[in-house]
Every structure is written in structure tokens, then in C-alpha cells.
Amino acid sequence: MTAVSPSEPTVKQEDEDPPSIPLSKLPKAGKYTDIFHKGVLPGHTDFLWSRNGSNCLDPNHPIHRTPTRVTYQSPSMTIRMIPYAALGPLGSSFTRAPDPFPEEFRKRSPSNRVPVALCLISAIAVTSKSSPIRSIIRRKIRETLKLIVARGARPGKQEGTVIIREEDIGPERWLLKDWAYIIYPTIEVYKRSVTELIGEIRQALEDVKGQAMKLEDKWKKQDFTKAPIRRAPRKNPRNDQRSG
């Protein structure tokens with residue numbers, strides 16, 4: 001009987017990565033199977049860049065007095081995180097109809113799908129004039145988010161493969177409550193595979209979540225009980241001269 005050398009490992013190391021799996025052969029999903037974003041946002045993004053917080057869900061939110069913006073930017077995409085407070089009330093937009101997915105819809109959504117407060121803006125200037133190409137770009141982003149958030153995927157060791165880790169599954173790992181994710185993809189997303197995008201979007205989600213959490217900690221330490229300062233409209237001196 002051959003003795004086992006003490007230097008030889010007898011058990012698999014716990015920190016060793018699981019095997020790489022081709023996307024076409026992923027195992028059956030566990031707790032979560034997919035993501036959904038329709039009807040998740042409690043407001044719209046038309047008044048997103050209002051300087052003084054007017055026309056927003058919460059004009060007194062500290063985000064309106066914070067110069068820092070939560071942003072990730074690369075040649076492939078720009079991701080911005082915005083608190084729900086900065087969104088416009090549903091039905092108040094000049095360009096969009098009232099919310100077709102009321103609160104009852106959100107409550108009836110299957111528990112095995114992760115709600116993601118996502119707004120995908122595929123601008124022609126940075127993507128393509130072709131509607132099918134822009135559709136493919138948006139679909140790639142959604143598919144990548146599903147693999148990351150619902151399946152816990154990370155890039156595999158070979159092209160076209162992923163590694164599934166249980167500790168990476170779920171919204172608590174990747175998303176921040178009461179924040180909206182606005183993604184502006186570029187044409188580079190169309191040129192890259194889903195497995196290539198997984199690595200970048202994982203990094204982007206961790207980056208913006210960390211930025212947002214730091215902002216929330218900063219807000220907790222500051223006094224925002226006073227009403228926000230409203231800028232008075234500038235007077236035109238020419239009008240004063242004319243009136244005189």
C-alpha cells in the first residue's frame with residue numbers, strides 16, 4: 001500500500017475556482033433565474049439634470065446639493081447611479097405616458113427574478129443608426145446583467161466560458177437599494193462578446209456601488225435639515241434701464 005506524502009493535498013482547496021462552463025451548458029438556475037426592469041423605476045429620467053431639484057420626487061434630497069456624481073466610464077459604456085429622489089414623478093413627463101406598470105405589477109412579479117432599476121439609453125451618436133444593432137447592444141447589456149446578478153457569473157478561463165460562484169448571486173451583492181442604474185452603451189458593446197462584457201460590468205457595478213455607499217455615509221454625517229438654497233433668477237440690467 002502506497003503511503004500518501006504529507007506534501008500532497010488530499011482535499012480540494014476551498015478557495016479554488018469552480019470549473020469554467022460554456023454559456024451554452026450552464027447548470028439549472030437556483031434561487032434566481034433572470035432579472036427584470038420594466039416597471040421597477042418609480043419615476044422617469046426626463047428631469048434628471050435639474051440643478052436645484054425641482055420637478056423631482058424629493059426636492060430636499062441631499063443629492064441636489066452634492067457636486068459629486070456616481071459614474072463609471074469606459075470606451076464601452078458610461079454607467080451613472082442616481083437616487084430615486086432625483087427621478088421625475090410618473091406622469092409628469094412631456095415625452096412619456098403615465099406608468100403602465102403600477103405598484104400591483106411590481107408586487108406580482110415572480111420572486112425568482114431580480115428587479116433592477118435600469119434605464120438603458122442607446123444614443124445613435126455613440127452606437128449606430130441601425131435599429132437592429134442598437135437592439136442587439138441593449139440585449140447584450142441585459143443578458144450580461146442577468147448572468148452577473150442572477151447567476152453569479154464571472155469570466156471563465158477560456159473564451160466563451162464563465163465561472164459560477166454562489167456567493168456572487170443576488171441583488172445584495174451587486175445592487176444598492178433605492179438607486180437607479182442608467183447605462184449609456186457605445187458601439188464597442190456590439191463588438192464584444194457577452195463573456196468579455198461580464199468582466200467589465202462586474203467591475204463597473206462594484207465601482208459605482210462603492211461610490212454611492214460612500215456618498216450615503218457622507219450624507220448621514222451632515223445636516224440636511226435646512227431647506228435647499230434656491231437660486232434667484234438673474235436680473236437683466238438692460239431691462240432696468242429701459243424701465244427707468
Side-chain angles (χ1 to χ4, degrees), residues 20-24 26-42 44-45 48 70-84 87 101 105-106 109-123 126-127 133-156 159-213:
S20 299
I21 306 171
L23 284 176
S24 58
L26 287 179
K28 186 177 179 180
K31 182 177 180 180
Y32 300 110
T33 60
D34 203 348
I35 64 171
F36 74 96
H37 63 93
K38 288 185 178 181
V40 175
L41 282 174
H44 60 75
T45 61
L48 202 56
V70 179
T71 306
Y72 168 88
Q73 193 167 16
S74 76
S76 300
M77 69 194 73
T78 296
I79 300 179
R80 296 197 65 179
M81 275 183 71
I82 304 292
Y84 284 174
L87 299 174
F101 300 101
F105 169 83
R106 300 186 184 99
S109 299
S111 58
N112 62 347
R113 293 197 300 161
V114 181
V116 180
L118 174 66
C119 178
L120 266 173
I121 302 177
S122 53
V126 292
T127 54
I133 289 179
R134 295 198 305 274
S135 179
I136 290 172
I137 289 173
R138 292 192 296 268
R139 188 167 66 247
K140 275 189 173 183
I141 295 290
R142 290 192 295 265
E143 178 67 17
T144 303
L145 286 172
K146 180 190 80 171
L147 289 169
I148 294 172
V149 178
R151 302 301 303 272
R154 64 174 57 191
E159 175 61 30
T161 64
V162 295
I163 294 173
I164 303 296
R165 297 185 70 97
E166 292 292 330
E167 59 268 28
D168 287 344
I169 297 176
E172 297 82 6
R173 169 72 172 85
W174 300 105
L175 308 176
L176 200 57
K177 187 180 178 181
D178 296 334
W179 286 73
Y181 292 75
I182 306 172
I183 302 181
Y184 307 84
T186 70
I187 192 63
E188 293 300 318
V189 173
Y190 180 76
K191 301 175 183 178
R192 301 178 66 181
S193 66
V194 170
T195 51
E196 289 175 326
L197 291 172
I198 286 175
E200 178 174 357
I201 295 184
R202 277 176 62 99
Q203 176 187 345
L205 291 177
E206 290 180 331
D207 188 359
V208 293
K209 183 180 180 182
Q211 293 180 47
M213 291 176 69

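For this chain, numbers begin at 1 and follow the sequence in order. Quantities reported herein were computed from a predicted structural model and do not represent experimental measurements.
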- Message: I136 vs V189, test: side chain to side chain contact (heavy atoms under 4.5 Å, CB included). Steps then yes/no.
- Response: CA-CA 9 Å; I136 290 172; V189 173; over 6 Å; no

- Item | Test log, rule side chain to side chain contact (heavy atoms under 4.5 Å, CB included), inputs I133 and I187 | CA-CA 9 Å; I133 289 179; I187 192 63; 4.0 Å; yes

- May I have the step-by-step check of side chain to side chain contact (heavy atoms under 4.5 Å, CB included) for L197 and M77, ending in yes or no? CA-CA 10 Å; L197 291 172; M77 69 194 73; 4.3 Å; yes

- Item | Trace of the side chain to side chain contact (heavy atoms under 4.5 Å, CB included) decision for R173 with E206 | CA-CA 9 Å; R173 169 72 172 85; E206 290 180 331; 2.8 Å; yes

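In summary, of the residues considered (I35, V194, V116, I141), a side chain to side chain contact (heavy atoms under 4.5 Å, CB included) with K146 occurs for I35 alone. S76 pairs in a side chain to side chain donor-acceptor pair (under 3.5 Å) with only one of the listed residues (K191, R192, E196), which is R192.
Here the closest heavy-atom approach between residue A117 and residue W179 is recorded as CB-O, 3.6 Å. In terms of heavy atoms, T186 sits closest to P75 at OG1-O, 2.7 Å. Heavy atoms only, all atoms of each residue included: I148 and I198 are closest at CD1-O, 3.6 Å. Closest non-hydrogen pair, R134 versus S122, comes out as CD-O, 3.5 Å. Residues R202 and P155 come closest through the heavy atom pair CD-CD, 4.3 Å.
Residues I201 and I183 form no side-chain contact, since every pair of their non-hydrogen atoms from C-beta on lies 4.5 Å or further apart. The side-chain heavy atoms of Y181 and L175, taken from C-beta on, include a pair separated by under 4.5 Å. Two residues are said to be in side-chain contact when any heavy atoms from C-beta on lie closer than 4.5 Å; V126 and T78 fail this criterion. Residues V162 and T195 form a side-chain contact, since some pair of their non-hydrogen atoms from C-beta on lies under 4.5 Å apart. Looking at heavy atoms from C-beta onward, R113 lies out of side-chain contact with H37 at the 4.5 angstrom threshold. Looking at heavy atoms from C-beta onward, I169 lies out of side-chain contact with K31 at the 4.5 angstrom threshold. Contact of the L145 side chain with the L205 side chain is registered, since non-hydrogen atoms from C-beta on lie closer than 4.5 Å. With a 4.5 Å cut-off on side-chain heavy atoms, C119 and R80 do not count as touching.
For the atom pair T127 OG1 and I137 CD1, the distance stands at 5.0 Å (nearest 0.5 Å). With rounding to the nearest 0.5 Å, the separation of OH in Y184 from CD1 in I79 is 11.5 Å.
Residue-environment remark: CD (E166) stays at or below the threshold of 12 foreign heavy atoms within 6.0 Å. The local environment of OH in Y190 is sparse, with at most 12 non-hydrogen atoms from other residues, nucleotides or ligands closer than 6.0 Å.
Side chain of W174 to backbone of G152: no donor-acceptor contact under 3.5 angstrom is found.
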